[in-house]
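Heads up, the thing below is written out as structure tokens.
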Amino acid sequence: MLRYVVSRLGLSVVMVLLATLVIFLIANTVPGDPVLMQLGDLAASNPATVAEFRHHWGLDLPLWHRYWIFLDGMLHGDFGESLVSRRPVLRDIADYAPATVELASIAFVLSLAVGLPLGILAAVRRDSWIDHLARAVSLIGVSAPTFWLAFVVLAIFYGWLDIAPGPGRLDPVSFPPTPITGLLLIDTAWLGDWDTFRDAAAHLVLPSIVLAGSTLGLITRTTRAAMLEALSQDYVRVARAKGLRGRAVVTGHALPNAMLPVVTLGGLAYANLLAGAVMTETVFSWPGLGRYTFTSAVAVDFPAIMAITTIVAIVFVAVNFLVDLSYALLDPRVLKR
Amino acid sequence: MPAPADRPPAAPILSVRDLRTWFLTDAGPVRAVDGVSFDVHPGETLGIVGESGSGKSVCAKSIMRLLDAPARIVGGAIHFRGRDLARLDEEAIRAVRGREIAMVFQDPMTSLNPVLRIARQLVEAMTAHGRFTPAAARTRAIDLLRRMGVAAPERAVGSYPHQYSGGMRQRVMLAMGFSNEPALLIADEPTTALDVTIQAQILDLLRGLNRDMGTAVILISHDLGVIANVCSRVLVMYAGEVVEEGAPEDLLTDPRHPYTWALLHAAPRIDAEAEDRRLVTIEGQPPDPRTWPEGCRFRARCPFAVDKCAEHPQLLPAGEGRATRCWVTQAGGALHTPARPAPLPAVPRPEAAPGPLLQVTGLQKHFVLPNDGYFGQPRVLRAVDDVDLTVSRGETVGLVGESGCGKSTLARLVTRLHQPTAGRIVFDGTDIGSATQAQIRPLRRRMQMIFQDPYASLNPRDRVGEILAGPLRLHGIVDGEAAARQRVAELLDLVGLPVQSARRFPHEFSGGQRQRISIARALSVGPDFVVADEPVSALDVNIQAQIINLMVDLQERLGLTYLFIAHDLAVVRHVCDRIVVLYLGRVMEVGRAADLFARPQHPYTRTLISAAPVPDPRIERTRRHVPMLGEPPSPLNPPSGCRFRTRCPIAEARCAAEVPPLQDIGGGQFAACHFPGKF
């Protein structure tokens with residue numbers, strides 16, 4: 001087991017390093033000169049200003065040197081200064097990340113809480129009404145575009161029925177709590193500020209449903225397929241032949257085997273939610289990483305873009321590592337091959 | 001085994017009456033089991049034989065009520081200890097399953113849940129019926145495993161299934177089956193997926209358990225030898241009904257139904273010298289279960305059919321303790337000894353220079369296994385280790401051995417699908433052992449392969465015509481489409497398929513027909529050497545006989561040379577001139593087929609032959625059975641010296657120290673043993 005963990009961990013570190021190299025090379029070869037973007041036409045026409053600007057930001061150094069500086073900084077938690085906000089990039093990200101983590105986690109829990117039971121029931125009661133419902137849910141979830149879904153639910157539940165709060169994390173009249181974790185639900189609950197807690201929770205409902213949509217669809221579909229596969233295996237028939245109850249056969253024998261593909265998909269889906277909420281955050285004016293990514297990209301804010309991309313890469317590699325570990329726990333055959 | 005005299009007088013524990021289990025499909029009912037009646041007495045061993053599709057497994061699942069939709073019991077009754085199992089509700093049948101009737105399935109590799117420990121899987125079988133506390137069940141699980149012959153059962157319960165071989169897993173399944181001391185155990189092809197030596201061990205175990213615990217057993221098998229070995233009474237099923245019933249002594253020596261007769265004659269015997277390699281086969285396929293024919297269901301294929309057979313016969317007594325569903329034998333008619341199919345007119349064979357077509361010396365294939373992680377030595381699997389082999393023109397050489405002995409690897413080496421690690425492969429004077437694929441390509445026309453699985457080895461997207469024409473075009477053998485079509489038609493005719501088959505897809509054919517297509521594909525380029533890797537293992541006995549006959553005919557007509565790989569010793573003995581016995585990648589013994597079976601010199605050959613059952617209980621009783629000890633060691637870490645020594649009954653210290661060379665015994669027989677013929 002230890003050997004497996006260490007080897008996977010080693011592999012993860014190599015993956016992160018490779019990712020940073022790719023990110024760095026892409027960022028330094030894409031067209032779009034940060035100098036022109038930042039200085040404006042007049043200053044950019046003055047070669048001395050441009051040279052000074054390049055020197056200040058280290059843009060005149062050779063590529064490998066700049067990569068080394070980037071790596072070295074990264075190891076010390078320093079991703080440089082944002083060209084836009086003139087603050088350390090990491091501090092910017094620390095401000096924006098909690099909103100995304102909160103939204104993505106709620107959306108993920110939501111899609112698991114609905115998708116897993118729905119997929120299991122659909123497989124057990126194949127071709128019944130619940131199977132048809134599961135298929136409809138996964139089809140709509142996967143195929144409805146996020147921005148469209150976001151506008152529709154906002155229009156119906158906020159604009160028309162007026163039973164849900166509008167965009168943003170809190171009502172303008174609410175006071176955000178002093179950040180402890182930055183996750184509003186946890187901070188308000190910690191401080192006992194239940195009015196703000198309710199407000200924050202209400203604001204999470206629509207965006208998390210929208211964000212959960214496609215993940216929910218994928219998880220339902222994967223769970224259903226994996227359960228159907230597992231239920232058709234010989235060992236399930238053997239379990240029935242032992243005289244086990246139907247529920248014990250499903251949860252005790254089929255489910256543990258069906259979890260493997262679901263864990264793989266779930267891990268990647270969570271990483272995707274953390275990285276890819278740009279649409280939802282934009283429509284719901286959610287001050288999260290998606291929005292920050294978007295504004296940084298428009299401004300060609302290289303330190304910010306590279307920091308975000310690196311963090312996303314790390315999140316993906318970390319999730320993959322956890323998926324590999326859970327594989328070893330779920331399936332004893334993984335360790336001994 | 002109880003003789004008819006001491007047949008249990010008690011009332012039957014299981015009485016199946018006119019059972020009908022149909023698959024209610026959209027295309028109409030598939031009448032898989034259609035009017036089956038039989039009794040099982042306490043402590044009895046009842047065998048059910050039949051080809052695939054005869055309804056024997058569906059029958060077993062009906063008793064356990066383990067049918068999946070769209071299968072349903074549509075009629076009849078299953079009386080068991082005062083209840084009708086066919087009419088119990090789900091909760092009541094659940095109390096019967098595993099507690100009063102247990103079942104062991106065919107494939108032990110897939111019957112255990114891979115992610116659960118063996119302890120848990122055994123314990124829940126006992127706790128599900130509330131008979132044991134978890135702690136007591138665990139203790140009992142260990143005891144049961146020990147009884148089943150599992151080494152170190154305390155450790156085994158804490159292990160996962162993948163850590164055990166197929167034979168060990170089937171022992172675990174048997175432990176599970178007997179854990180609640182059921183009155184009846186249904187074993188559905190329990191040894192079909194196992195090697196013959198392990199099969200002998202499991203059948204021994206099953207017999208012992210039946211004797212010691214008094215559990216009645218229903219043993220379902222397609223193998224008459226297995227049935228003869230274990231059972232005191234046999235049912236023969238055909239087309240969803242029982243066609244004959246009786247004690248194996250009577251039924252297997254003097255069959256009273258033409259189908260039983262056909263089964264018996266279609267299977268080659270390990271104990272019989274055959275003057276002709278053609279087997280007696282019955283034509284055609286079993287009828288379509290959607291529309292069973294009027295009258296006797298076997299009539300269309302029956303060589304004894306009379307006018308009366310247009311009426312559906314009943315299963316009626318035909319002598320002491322036996323019954324048959326046949327008008328001819330019920331009227332006292334006899335089933336005569338079969339006439340062998342007439343050999344095809346032999347085409348004058350091109351008088352090839354005698355001499356080896358294939359000569360293999362010192363052949364090795366080592367697979368380096370990927371090592372998980374970055375530490376440790378890479379593991380090397382010595383699949384084939386220092387093998388010499390000679391195949392002369394026009395001869396059939398058989399390769400036998402248990403699974404994992406390297407026979408398939410050897411087949412792939414001589415056809416150069418694998419690159420050898422070391423050694424020479426000389427094919428008709430050319431050394432192809434180290435040649436590049438480009439250099440071998442011209443020779444590919446001359447050596448072809450037939451594979452075991454006719455389902456997997458034909459591309460499902462290509463029409464048969466395309467499958468056969470592909471190699472012709474690749475080797476530039478024919479000019480133009482018309483010539484290719486002409487050649488495809490000839491090939492289909494050669495293997496006994498209608499010309500129209502060319503326009504159809506592989507899935508439209510049965511297993512036997514698909515194997516004919518595989519053979520036609522191999523022959524399309526006009527090879528002189530054909531490597532057949534288990535070509536008949538996936539087929540029912542009658543289809544197997546048809547394919548063997550086809551291969552024998554083709555050899556005579558085309559002067560082919562075969563390298564024939566099979567695990568079924570009877571088949572190998574029947575079709576081969578010479579036999580090579582492999583064990584853990586090494587040759588143990590080589591000899592002419594008749595000599596090898598009559599006078600095996602190597603203890604491994606001897607035990608292998610003794611493990612193969614003969615479909616005649618009287619002969620079975622007189623045969624000396626040599627128990628094969630244990631299981632084959634891992635080829636990753638083979639024993640020193642003689643590789644067989646760990647399971648050999650006569651091994652001495654010398655066997656661990658020295659590798660025995662393959663020495664000449666005389667008469668063209670060679671054995672790699674320090675004490676040849678001593679056992």
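Below, all heavy atoms of this structure are taken into account, side chains as well, without hydrogens, waters or symmetry copies. Letters go in sequence order (proteins before strands), and every chain restarts at 1.
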Heavy-atom pair of closest approach, residues [X] and [Y]:
X: B:Ala128; Y: A:Gly243; value: CB-O, 4.2 Å
X: A:Leu244; Y: B:Arg94; value: O-CD, 3.5 Å
X: A:Ala241; Y: B:Met103; value: CB-CB, 4.5 Å
X: A:Arg240; Y: B:Leu66; value: CB-CD2, 3.6 Å

What part of A:Leu260 lies closer than 4.5 angstrom to a heavy atom of chain B: side chain, backbone, both or neither? neither

Tell me, for A:Arg245 versus chain B, whether the close heavy atoms (under 4.5 Å) come from the side chain, the backbone, both or neither. both

Expected output: side-chain A:Lys242 to main-chain B:Gln121 donor-acceptor under 3.5 Å: yes

Look only at the side chain of B:Asn113 and the backbone of A:His253, and say whether a donor-acceptor pair between them is shorter than 3.5 Å. yes

Side chains of [X] and [Y], heavy atoms from C-beta outward: is any pair under 4.5 Å?
X: B:Met173; Y: A:Val238; result: yes
X: B:Pro114; Y: A:Tyr235; result: yes
X: A:Leu330; Y: B:Val115; result: no

Decide if atom CZ of A:Arg221 counts as having more than 12 heavy atoms of other residues, nucleotides or ligands within a radius under 6.0 Å. no

More than 12 non-hydrogen atoms from neighbouring residues, nucleotides or ligands closer than 6.0 Å to CZ on B:Arg72, yes or no? no

What part of [X] lies closer than 4.5 angstrom to a heavy atom of chain A: side chain, backbone, both or neither?
X: B:Asp68; value: side chain
X: B:Arg65; value: backbone
X: B:Ala125; value: both

Salt bridge check: are A:Arg237 and B:Asp188 linked by an N-O gap of less than 4.0 Å? no

